[in-house]
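Structure first, commentary second.
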Amino acid sequence: MAKKVILIQQRPNVSVDWHNASDEFKALKESYVSAGKLDDQGVVVSGNELIRTWTLVFTTEENYNEFINEDVSLDYQAARQKYNSDNGISESLDIQDV
């Protein structure tokens with residue numbers, strides 16, 4: 001079964017930058033897209049630019065589990081969560097079977 005992952009982040013104001021993923025994480029994500037394991041549906045930013053929603057769809061649960069357990073992915077998740085906590089950005093993760 002496919003997995004849809006929706007990351008929603010809300011920053012306190014527009015002077016707070018969003019977390020920027022490392023080049024290594026971007027390359028990992030692109031490798032999954034190229035291999036047909038992931039559909040990166042992109043990011044949507046709200047009109048007031050305070051809410052950012054990113055949607056990824058993994059073709060199988062195995063692909064999702066493999067991706068989130070990659071060292072680069074684990075590093076990204078930890079760095080994003082620390083940055084967001086330090087900068088007052090709230091986040092929620094919605095993971096759905098599709």
Side-chain angles (χ1 to χ4, degrees):
M1 183 170 293
K3 287 278 189 195
K4 179 186 270 188
V5 179
I6 304 167
L7 173 63
I8 302 169
Q9 300 171 302
Q10 182 168 357
R11 59 185 175 177
N13 57 64
V14 295
S15 65
V16 174
D17 292 328
W18 299 111
H19 176 261
N20 191 19
S22 69
D23 289 342
E24 293 84 6
F25 179 78
K26 292 174 185 176
L28 173 66
K29 188 169 70 165
E30 185 55 39
S31 74
Y32 273 70
V33 170
S34 296
K37 296 179 177 183
L38 169 63
D39 176 15
D40 182 351
Q41 298 187 344
V43 66
V44 175
V45 178
S46 65
N48 63 8
E49 299 183 9
L50 296 180
I51 300 172
R52 179 168 81 165
T53 305
W54 204 292
T55 304
L56 303 174
V57 178
F58 292 87
T59 54
T60 66
E61 185 171 353
E62 292 78 20
N63 291 339
Y64 165 73
N65 288 331
E66 178 184 334
F67 182 85
I68 64 166
N69 288 305
E70 293 268 5
D71 288 341
V72 171
S73 184
L74 293 169
D75 291 346
Y76 160 75
Q77 292 171 58
R80 186 192 74 237
Q81 290 170 354
K82 179 174 182 351
Y83 178 89
N84 286 350
S85 177
D86 291 349
N87 289 281
I89 299 173
S90 63
E91 71 172 57
S92 66
L93 199 58
D94 182 16
I95 302 170
Q96 307 167 3
D97 290 330
V98 292

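By the 4.5 Å heavy-atom criterion applied to side chains, Q77 and I68 are counted as neighbours. No side-chain heavy atom of Y76 sits under 4.5 Å from any side-chain heavy atom of L28. Considering only heavy atoms from C-beta on, V57 comes within 4.5 Å of Q41 through its side chain. In this structure the side chain of D97 never reaches within 4.5 angstrom of the side chain of K4, judged on heavy atoms. Contact check for I89 versus V16: side-chain heavy atoms found under the 4.5 Å cut-off.
A salt bridge between E66 and K37 is present, with a side-chain N of the basic residue lying under 4.0 Å from a carboxylate O of the acidic one.
For K3 and F58, the positive end is not near the middle of the six-membered ring at less than 6.0 Å and at most 45° from its axis.
Defined by atom type and a distance below 3.5 Å, a donor-acceptor pair is present between the side-chain atoms of E70 and Y32. The closest side-chain donor-acceptor pair between N63 and E61, if any, does not fall under 3.5 angstrom. Side-chain contact check for W18 and N84: no donor-acceptor pair (N or O, by modelled atom type) lies under 3.5 Å. Of the N and O atoms on the side chains of Q96 and D94, at least one donor lies less than 3.5 Å from an acceptor on the other residue.
The heavy-atom pair separating P12 from G88 by the smallest distance is CD-O, 3.2 Å. Heavy atoms only, all atoms of each residue included: L74 and N69 are closest at CD1-O, 3.7 Å. For the pair V98 and M1, the tightest heavy-atom approach, listed with the atom from each and the gap, is O-CG, 3.3 Å.
When hydrophobic clusters are built by joining Ile, Leu, Val, Met, Phe, Trp and Tyr residues whose side-chain heavy atoms come closer than 4.5 Å, directly or via intermediates, V33 is grouped together with L7.
The only option from Q9, Q10, R11 that meets the side chain to side chain contact (heavy atoms under 4.5 Å, CB included) definition with S90 turns out to be Q10.
Within the 6.0 Å centre-distance limit, the rings of F25 and F67 are counted as a close aromatic pair.
Taking CG from D39 and CG from L56, the interatomic distance works out to 8.5 Å, rounded to the nearest 0.5 Å. Rounding to the nearest 0.5 angstrom, the gap separating the CD1 atom in I6 from the OG1 atom in T55 is 5.0 Å. Here I8 contributes atom CD1 and T53 contributes atom OG1; the two are 5.0 Å apart, rounded to the nearest 0.5 Å. Rounded to the nearest 0.5 Å, atoms OG1 (T59) and OH (Y64) are 14.0 Å apart.
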Could you walk me through whether N87 and K82 pass the side-chain hydrogen bond (donor to acceptor under 3.5 Å, both in side chains) test, one step at a time? CA-CA 9 Å; N87 289 281; K82 179 174 182 351; over 6 Å; no
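At distances below 3.5 Å, at least one donor-acceptor pair connects side-chain atoms of S34 with backbone N or O atoms of E30.
Every residue meeting the side-chain contact (heavy atoms from CB on, under 4.5 Å) condition with N48, not counting sequence neighbours, appears here in chain and number order: S46, L50.
Within a 6.0 Å radius of CG in N13, more than 12 heavy atoms belonging to other residues, nucleotides or ligands are found.
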